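On a predicted model such as this, the values are computed, not experimentally measured, just so you know.
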Amino acid sequence: LVFILTACALFSKTWIEVSGASARDVAKQLRDAQMVMKGHRDAAIIHVLNRYIPTAAAFGGMCIGALTVVADFLGAIGTGTGILLSVTIIYQFYEAFQKEQLEGTEAFGF
C-alpha cells in the first residue's frame with residue numbers, strides 16, 4: 001500500500017515537469033495571458049506556485065493510487081486501474097464533444 005501511494009505521488013510530481021504543468025510553465029502561461037497575482041512581483045510567482053503545484057500533484061497521485069488499491073481490495077468489477085482508465089477515457093470524450101458543440105455553434109453565430 002505504501003509502495004503504491006509513494007510511486008503514484010512520485011510519478012505525479014515527475015509528470016508535471018514533463019507535461020508542461022510545472023510552476024515555471026504555469027507562471028509563463030499566466031504572464032502570456034497578462035494575468036498577475038495581487039501583491040506579488042513577476043519573479044515571485046514561480047516561488048508561490050512552487051508551494052502549491054508539486055504538493056497538489058503528489059496528493060492527487062496518492063488519491064488516485066488509493067482509489068485503485070481500494071477498488072482492487074473491494075473486488076470492484078474489473079480492476080481499480082481499469083475503472084480509472086475507463087472514467088478518464090469517457091471524460092475525455094465528453095470534453096471533446098463539448099468542444100465540438102461549442103465550435104459548431106460559433107460557426108453559425110448562435
Side-chain angles (χ1 to χ4, degrees):
L1 178 66
V2 173
F3 173 74
I4 296 287
L5 296 180
T6 304
C8 288
L10 291 175
F11 179 74
S12 294
K13 288 182 81 165
T14 304
W15 183 253
I16 62 169
E17 296 296 328
V18 173
S19 68
S22 67
R24 181 177 296 112
D25 297 327
V26 172
K28 184 181 181 310
Q29 291 169 0
L30 290 173
R31 202 174 309 118
D32 291 345
Q34 297 178 347
M35 296 178 73
V36 295
M37 291 177 65
K38 187 175 182 178
H40 296 284
R41 286 185 257 169
D42 253 2
I45 291 176
I46 294 174
H47 298 295
V48 172
L49 292 174
N50 256 336
R51 267 190 254 156
Y52 299 106
I53 291 177
T55 305
F59 183 71
M62 287 174 51
C63 288
I64 289 172
L67 176 71
T68 303
V69 169
V70 168
D72 283 340
F73 280 146
L74 293 178
I77 300 172
T79 63
T81 308
I83 293 170
L84 189 62
L85 187 60
S86 301
V87 169
T88 303
I89 290 170
I90 291 169
Y91 187 72
Q92 285 178 345
F93 278 127
Y94 171 75
E95 284 181 332
F97 177 75
Q98 290 295 328
K99 184 178 179 183
E100 287 177 9
Q101 290 293 322
L102 183 63
E103 289 173 357
T105 58
E106 287 176 355
F108 296 109
F110 294 119

Who passes side chain to side chain contact (heavy atoms under 4.5 Å, CB included) against [X], sequence neighbours left out?
{"X": "Ser86", "result": "none"}
{"X": "Ile4", "result": "Cys8, Val69"}
{"X": "Tyr94", "result": "Tyr91, Gln98"}
{"X": "Ala21", "result": "Ile16, Ser19"}

Would you kindly confirm whether [X] and [Y] end up in one hydrophobic cluster when ILVMFWY residues are joined by side chain heavy atoms under 4.5 Å apart?
{"X": "Ile45", "Y": "Val26", "value": "yes"}
{"X": "Phe11", "Y": "Ile64", "value": "no"}
{"X": "Ile53", "Y": "Met35", "value": "yes"}
{"X": "Leu30", "Y": "Tyr52", "value": "yes"}

Next on the checklist: To the nearest 0.5 Å, what is the distance between CZ on Phe93 and OG1 on Thr88?
Outcome noted: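 Separation between the atoms: 12.0 Å.
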Checklist entry - How long is the gap from CD on Glu95 to CD1 on Ile90, to the nearest 0.5 Å? => result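 Those atoms lie 13.0 Å apart.
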Checklist outcome for this item: Applying side chain to side chain donor-acceptor pair (under 3.5 Å) to Asn50 and not counting sequence neighbours gives none
Next on the checklist: Applying side chain to side chain donor-acceptor pair (under 3.5 Å), can you list everything that pairs with Ser12, at least two apart in sequence or on another chain?
Outcome noted: none
Next on the checklist: According to salt bridge (Lys or Arg N to Asp or Glu O under 4.0 Å), does anything in residues 23-34 pair up with another residue at least two apart or in another chain? List the pairs.
Outcome noted: Lys28-Asp32, Arg31-Asp42
Checklist entry - Looking only at heavy atoms, what is the nearest atom pair of Gln29 and Gly20, with distance? => result NE2-O, 3.9 Å
Next on the checklist: Give me the atom names and distance for the closest heavy-atom approach of Leu49 to Ala27.
Outcome noted: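 Reported closest heavy-atom pair: CD1-N, 3.8 Å.
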